[in-house]
Protein chains: 2
Amino acid sequence: MSRVQAAIDHAENSCKSRGVKLTNKRRQVLSGLLQSNKAKSAYELADYCKDKFGQKLPAMSVYRILEFLEEERLVHKLNLANKYIACSHITCDHDHGISQFLICANCQTVKEITVKKSTMNTLKRSVEGAGFDLVSPQMELNCLCHDCKNQAA
Amino acid sequence: MSRVQAAIDHAENSCKSRGVKLTNKRRQVLSGLLQSNKAKSAYELADYCKDKFGQKLPAMSVYRILEFLEEERLVHKLNLANKYIACSHITCDHDHGISQFLICANCQTVKEITVKKSTMNTLKRSVEGAGFDLVSPQMELNCLCHDCKNQAA
DNA sequence: GTTGCTGATGATACACCATATCATTTTTTC
DNA sequence: GAAAAAATGATATGGTGTATCATCAGCAAC
């Protein structure tokens, strides 16, 4: 079974156990995100669904679907790029730590990493010392992946 | 002399020594950013200039001016919020470290802090271990300032 | 001083991301 | 199978940003 199919099956079960429905359209959008490791915009996903499944999908619906998938913790929104990616831990059963996103500014490839708790705690203390609270310890870091870096060189 | 005026004078000298011109419009946009500590969008700055100086300023010009001010290291662009702020170190003569931005998700107040070098190095190593390079070690952190947090409570 | 160059600004059009609103369809539930 | 709820469609609009071409201001050289 493909990695994508495995993730979708997992998502299906997760939704069922939470009493919500992974409808056909929602599955299509999720698969669009799963089949690559690049971040995609809502409009790109609408195009993907039209091309791949032959069904026109209005942008409005894609946004609603992405919102649903976010609530179910199946996708993440990357505010830095205004794009979306599948959560890389869909198939994990265990609770996972806080994700940090490395976004390649050139090719949009995204890698989800976990930063050591102690580093995040240090950061948190700096922030609180300045009179602010982190809304979410999820950071988005503007990067270049090594492929793009080597190409540029 | 007001804090704003001091910063503008400093910017003026800095531009002169770099052989570029801080024109009237550029000064107006910069003053729009300096007179508050909130992040502002290009369009908000255009409105500000129109209201305050009675001169219509097309968005296109504001973007060009912001680009100029960024190159002169007088302002920062916050990609997370699609807004801009004046650099909080305009009036410093010394070179300063890498800035991290705390952005209040509610009121757009921005605080520019410096994180310890060792913390940033740890982060950098994590990123490089994942096959990416930081384009810029400038992070933008989605926060709530304590004022907004207390209001919400 | 006027010719021509350069840098700065204006005007217009357009692309992309996102949401508001109301209509329609599909699915549940009884 | 009718009423209620959930999901999706259609349309309009707003915010951010860029591409492109035109115009204007300052300045150098003759």
Side-chain angles (χ1 to χ4, degrees), chain A residues 11-12 15-16 18-30 32-33 38-50 53-72 74-85 103 105 108 110 140 142, chain B residues 11-12 15-16 18-33 38-50 53-72 74-85 103 105 108 140 142:
Chain A
E12 194 99 47
C15 283
K16 197 169 291 177
R18 287 166 57 97
V20 297
K21 274 168 296 185
L22 189 65
T23 64
N24 206 33
K25 306 266 180 194
R26 287 171 177 169
R27 203 163 24 231
Q28 288 176 9
V29 170
L30 181 57
L33 287 173
K38 291 188 195 313
K40 291 185 177 160
S41 74
Y43 284 79
E44 285 167 346
L45 287 164
D47 288 345
Y48 172 85
C49 288
K50 202 178 64 186
F53 305 106
Q55 297 185 30
K56 204 172 74 166
L57 189 56
M60 186 68 249
S61 293
V62 178
Y63 278 107
R64 276 188 293 232
I65 288 170
L66 287 169
E67 193 182 347
F68 168 86
L69 294 172
E70 248 195 299
E71 270 165 20
E72 299 307 314
L74 298 170
V75 314
H76 297 286
K77 169 163 192 180
L78 300 175
N79 292 301
L80 202 53
N82 291 321
K83 290 182 194 297
Y84 302 81
I85 54 162
I103 309 171
Q108 314 293 328
V110 175
E140 301 173 24
N142 192 20
Chain B
E12 194 99 50
C15 284
K16 197 168 290 178
R18 288 165 57 95
V20 296
K21 274 171 294 185
L22 190 66
T23 64
N24 206 32
K25 307 267 181 192
R26 287 171 178 169
R27 203 165 20 235
Q28 289 176 9
V29 170
L30 181 58
S31 78
L33 288 173
K38 292 190 195 310
K40 291 186 177 162
S41 74
Y43 285 79
E44 286 166 346
L45 287 165
D47 288 346
Y48 172 85
C49 287
K50 203 178 65 186
F53 304 107
Q55 296 184 33
K56 204 173 71 165
L57 189 56
M60 186 69 250
S61 293
V62 178
Y63 278 108
R64 277 190 293 233
I65 287 170
L66 287 168
E67 193 183 346
F68 168 86
L69 294 172
E70 247 194 300
E71 270 164 20
E72 299 307 314
L74 298 170
V75 313
H76 296 287
K77 167 163 192 180
L78 301 176
N79 292 300
L80 202 54
N82 291 321
K83 290 183 194 297
Y84 303 80
I85 52 161
I103 309 172
Q108 315 293 330
E140 301 174 22
N142 193 19

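These numbers come from a predicted model, not from an experiment. Order of the sequence lines sets the chain letters (A, B, ...), proteins ahead of strands, with each chain counted from 1. All heavy atoms count here, side chains included; hydrogens, waters and symmetry mates do not.
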#### Entry: L66(B) side chain near L45(B) side chain, heavy-atom distance below 4.5 Å
yes

### Query
Are side-chain heavy atoms of K83(B) and K38(B) found at a separation under 4.5 Å?
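No, every pair of side-chain atoms sits at 4.5 Å or beyond.
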
Residue-phosphate contact under 4.0 Å: [X] side-chain N/O, [N] OP1/OP2:
| X | N | answer |
| --- | --- | --- |
| N82(A) | dA18(C) | yes |
| Y84(B) | dG17(D) | yes |
| K56(A) | dT8(D) | no |

### Task
Would you indicate what Y43(B) reaches in the nucleic acid, counting non-hydrogen atoms under 4.0 angstrom: base, sugar-phosphate, or nothing?
base

## Note on the structure
The residue among L57(A), V75(A), L74(A) that forms side chain to side chain contact (heavy atoms under 4.5 Å, CB included) with V29(A) is L57(A)

[X] [atom1] to [N] [atom2], straight-line distance once rounded to whole Å:
| X | N | atom1 | atom2 | answer |
| --- | --- | --- | --- | --- |
| Y63(B) | dA15(C) | OH | P | 17 Å |
| K21(A) | dA6(D) | NZ | P | 8 Å |
| E44(B) | dT16(D) | CD | P | 7 Å |
| K83(A) | dA18(C) | NZ | P | 9 Å |
| K40(B) | dG15(D) | NZ | C1' | 18 Å |
| L22(A) | dT27(C) | CG | P | 14 Å |
| L66(A) | dA7(D) | CG | P | 15 Å |
| L57(A) | dG9(D) | CG | C1' | 10 Å |

### Task
Could you check K77(B) against T23(A) and say which one's nearest nucleotide on DNA chain D is further toward the 5' end?
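In this pair, the answer is T23(A).
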
### Summary
By nearest-heavy-atom nucleotide on DNA chain D, the more 5' of S41(B) and I65(A) is I65(A)

## Note on the structure
Testing dA19(D), dT8(D), dA20(C) for proximity to the side chain of M60(A), the answer is dA20(C)

### Message
For a quick check, tell me whether the side chain of R64(B) and the base of dG17(D) share a donor-acceptor pair closer than 3.5 Å.
### Response
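Looking at the base of dG17(D), it does not pair with any donor or acceptor on the side chain of R64(B) (distance under 3.5 Å).
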
### Task
Return the minimal non-hydrogen interatomic distance between L80(B) and I103(B), and the atom names on each side.
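Looks like CB-CD1, 4.3 Å.
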
### Stepwise salt bridge (charged side-chain N to carboxylate O under 4.0 Å, His left out) test for E70(B) and K77(B)
CA-CA 7 Å; E70(B) 247 194 300; K77(B) 167 163 192 180; over 6 Å; no

